**Q** 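Before I ask anything, here is the structure I am working with.
Since the model is a prediction, treat every value here as computed from it, not as a measurement. If you read the sequence from its start, that first residue is 1, and numbering goes on from there. In each ligand, atom 1 is the first atom listed, and ligand 1 is the first ligand listed.
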Amino acid sequence: MKTLVLHYSLDGNTRLVAEAIAKAAGADTLELKLAKAMPSSVPMRIVKGGYQVVSKQCPALQPLDRKPGDYDMLFIGSPVWAGCYAPALRSFFARTPLAGRKTALFLCHGGGKGDAFGKLRAALAGNEIVAEIDFVSPLKKNPEAAVERAGQWAGETMAALAGGA
Ligand SMILES: Cc1cc2nc3c(=O)[nH]c(=O)nc-3n(C[C@H](O)[C@H](O)[C@H](O)COP(=O)(O)O)c2cc1C
């Protein structure tokens with residue numbers, strides 16, 4: 001099954017998890033990159049990022065170096081911003097509608113994921129969500145444990161799909 005790990009990451013947490021998933025699943029990766037970088041100051045990031053979420057903005061992305069439509073199975077990952085997935089994902093969904101794919105969702109957050117999974121599921125209506133997992137501040141807490149957990153989850157998810165689940 002041709003598999004892609006698609007994600008956005010501002011500070012590396014979601015990237016850490018994405019790379020572990022890709023390794024365990026034998027998948028390609030595609031990291032979404034904003035055309036215009038976020039501010040470097042943390043308070044400015046919170047203000048700008050939070051505003052982008054509540055106003056449902058779709059910030060411009062850099063060109064994608066893979067075609068998600070070429071893949072049967074997508075792991076889709078994001079940090080939680082203001083109880084939602086990050087705006088880069090909203091930009092991606094607006095320009096690359098996905099349908100009829102199997103998807104597994106992963107989130108990184110600081111302890112308050114809100115209904116981010118529900119919002120991601122709604123954005124992916126028309127696709128089959130086969131698994132979900134979230135991580136709390138993996139880089140700060142215990143990167144090795146997060147890598148192991150992510151790899152195990154990805155392996156189990158792929159095994160379930162291969163078994164016809
Ligand atoms: C704009 C912004 C909004 C955030 N909102 C939340 C939130 O609502 N709940 C939460 O638990 N963490 C929130 N965070 C923290 C991130 O979700 C968390 O640090 C995550 O691990 C970052 O992933 P990354 O390193 O891949 O960017 C927010 C961070 C930013 C920059």
Side-chain angles (χ1 to χ4, degrees), residues 3-25 27-66 68 71 73-96 98 103-124 129-155 157:
T3 305
L4 180 68
V5 182
L6 171 93
H7 68 283
Y8 168 76
S9 181
L10 181 59
D11 286 326
N13 291 277
T14 315
R15 184 180 309 120
L16 174 84
V17 173
E19 286 171 356
I21 291 170
K23 194 170 168 200
D28 293 334
T29 56
L30 173 58
E31 180 166 335
L32 303 177
K33 300 270 188 193
L34 297 173
K36 194 171 170 209
M38 289 291 287
S40 51
S41 116
V42 172
M44 288 301 291
R45 287 176 168 199
I46 300 290
V47 170
K48 182 171 176 174
Y51 179 72
Q52 284 181 340
V53 171
V54 296
S55 55
K56 295 189 164 30
Q57 286 182 18
C58 292
L61 300 176
Q62 294 180 22
L64 307 184
D65 55 10
R66 293 189 190 277
Y71 295 83
M73 164 69 190
L74 289 98
F75 288 88
I76 297 180
S78 175
V80 173
W81 283 14
C84 189
Y85 53 86
L89 271 291
R90 185 183 300 282
S91 304
F92 172 78
F93 296 141
R95 102 184 208 187
T96 317
L98 294 173
T103 61
L105 312 180
F106 60 102
L107 294 172
C108 290
H109 56 88
K113 67 183 170 206
D115 188 32
F117 275 126
K119 290 172 180 166
L120 206 41
R121 272 185 242 120
L124 286 162
I129 316 290
V130 298
E132 294 177 358
I133 194 170
D134 64 295
F135 297 82
V136 180
S137 305
L139 279 176
K140 197 162 66 182
K141 286 201 162 176
N142 188 338
E144 293 81 12
V147 164
E148 191 180 335
R149 185 167 162 249
Q152 188 174 350
W153 173 75
T157 301

**Q** With no hydrogens and no angle check, is any side-chain donor or acceptor of Arg66 less than 3.5 Å from a backbone partner on Asp28?
**A** no
**Q** Tell me which pairs pass side-chain hydrogen bond (donor to acceptor under 3.5 Å, both in side chains) where either residue lies in residues 79-95, with sequence neighbours left out.
**A** none
**Q** Let me have the donor-acceptor pairs involving side chains of residues 30-45, under 3.5 Å, with sequence neighbours excluded, atom names and distances please.
**A**
unit_1, atom_1, unit_2, atom_2, d
Glu31, OE1, His7, NE2, 3.1
Glu31, OE1, Arg15, NE, 2.8
Glu31, OE2, Arg15, NE, 3.3
Glu31, OE2, Arg15, NH2, 2.9
Glu31, OE2, Lys33, NZ, 3.3
Ser41, OG, Met44, N, 3.2
Arg45, NE, Pro39, O, 2.8
Arg45, NH1, Asp11, OD1, 2.7
Arg45, NH1, Asp11, OD2, 3.3

**Q** If the criterion is any heavy atom closer than 4.0 Å to an atom of ligand 1, which residues make the list?
**A** Ser9, Leu10, Asp11, Gly12, Asn13, Thr14, Arg45, Ile46, Gly49, Gly50, Pro79, Val80, Trp81, Ala82, Gly83, Cys108, His109, Gly110, Gly111, Gly112
**Q** Between Ser78 (side chain) and Leu107 (backbone), is there a donor-acceptor pair under 3.5 Å?
**A** no
**Q** Is atom CD of Gln62 surrounded by more than 12 heavy atoms (other residues, nucleotides or ligands) closer than 6.0 Å?
**A** yes
**Q** Identify every side-chain donor-acceptor pair in residues 131-140 under 3.5 Å, counting partners at least two apart or on other chains, and give the distances.
**A**
unit_1, atom_1, unit_2, atom_2, d
Glu132, OE1, Arg121, NH2, 3.3
Glu132, OE2, Arg121, NE, 2.6
Glu132, OE2, Arg121, NH2, 3.3
Asp134, OD1, Lys113, NZ, 3.2
Asp134, OD2, His109, NE2, 2.7
Asp134, OD2, Lys113, NZ, 3.4

